[in-house]
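Read through the structure below, which is laid out as structure tokens, and then see the notes.
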Number of protein chains: 2
Amino acid sequence: MKNKLKVARAEANLSQGELAERIGVSRQTINSIETGRYVPSTVLALKLAAVFAKPVDVLFSLEETD
Amino acid sequence: MKNKLKVARAEANLSQGELAERIGVSRQTINSIETGRYVPSTVLALKLAAVFAKPVDVLFSLEETD
DNA sequence: TCATATTGTCAAGCAAACTTGTCATTTAAT
DNA sequence: ATTAAATGACAAGTTTGCTTGACAATATGA
């Protein structure tokens with residue numbers, strides 16, 4: 001699964017730490033998702049979508065390997 | 001987090017087992033998500049959204065407790 | 001240049017997702 | 001009324017999300 005989090009975050013001018021704080025997770029969690037180390041839960045995806053005011057399906061998308 | 005999976009599945013006329021097979025998870029996983037025993041990963045949410053041809057945000061939504 | 005903020009990553013641990021296997025209960029069809 | 005299909009749920013085990021703490025590397029700005 002790939003995601004556009006890094007871009008969305010740049011557009012919103014937020015640091016990983018600030019974003020993490022807003023949705024109540026650790027900075028490492030944001031970093032790990034951005035760098036593809038793991039896939040977030042749906043709750044987290046919905047919260048991220050809310051922060052950036054974009055649908056989940058826009059922020060996250062499936063790959064062949066999924 | 002709540003979800004409209006049971007309704008969507010009824011509309012699509014699919015059993016839990018059939019749905020599970022389509023997206024490559026166990027039947028218990030579908031059952032557990034429907035009955036709120038746990039929250040799916042974003043990959044699973046995207047796959048479910050794809051099966052029902054509905055956006056993730058329509059199938060899944062946050063609650064106060066999230 | 002020096003200082004500070006930001007990012008990437010590792011490790012150890014806990015919690016939650018997901019598995020297979022199994023069984024009881026409910027629903028639907030004959 | 002009986003059978004078969006579908007659902008709900010539990011248990012034990014594996015994998016993965018997410019945590020805190022830490023440190024090095026990269027960027028940003030005075």
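All chains are named by letter (A, B, ...) in the order of the sequence lines, taking the proteins before the strands, and each is independently numbered beginning at 1. For the numbers below, each heavy atom of this structure counts, side chains included, while hydrogens, waters and symmetry mates do not.
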Using the rule side-chain contact (heavy atoms from CB on, under 4.5 Å), only one of Ile33(A), Val39(A), Thr65(A) pairs with Met1(A); which is it? Val39(A)
Return the value, rounded to whole Å, for the distance between atom CG of Leu5(A) and atom P of dG8(C). 12 Å
Once you round it to whole Å, what is the distance between C1' of dT6(C) and CG of Asn31(A)? 10 Å
When you measure from the side chain of Lys47(A) to the backbone of Leu62(B), do you find a donor-acceptor pair of N or O atoms at a distance under 3.5 Å? no
Between Val56(B) and Asp57(A), which heavy-atom pair has the shortest distance, and what is it? N-OD1, 3.0 Å
From CD of Gln28(B) over to C1' of dT14(D), roughly how many Å is that when rounded to an integer? 15 Å
Please find the pair of heavy atoms, one from Ala49(B) and one from Pro55(B), that lie closest to each other, and give the distance. CB-C, 4.2 Å
Take atom CD1 of Ile33(A) and atom P of dT7(C), then tell me their distance rounded to the nearest Å. 14 Å
Spell out, as yes or no, whether a donor-acceptor pair under 3.5 Å connects the side chain of Arg27(A) to the backbone of Gln16(A). no
Numerically ordered, the residues 35-66 of chain A set in heavy-atom contact under 4.0 Å with DNA chain C is Thr35(A), Arg37(A)
Interatomic distance where CZ belongs to Arg27(A) and P belongs to dG21(D) [whole Å]: 13 Å
Return the residues of residues 7-19 of chain A meeting this criterion: a heavy atom under 4.0 Å from some atom of DNA chain C. Order them by number, or give none. Arg9(A), Ser15(A), Gln16(A)
Starting from P on dA6(D), measure out to NZ on Lys6(B) and report it in whole angstrom. 15 Å
What's the shortest heavy-atom distance between Phe52(B) and Leu5(B), and which atoms? CE1-CD2, 4.4 Å
Any sub-3.5 Å donor-acceptor pair from Thr42(B)'s side-chain atoms to Ser41(A)'s backbone N or O? yes
Between Glu34(B) (CD) and dA6(D) (P), how many Å, whole number? 14 Å
So which heavy atom on Asn13(A) is nearest to which on Glu18(A), and how close? O-OE1, 4.0 Å
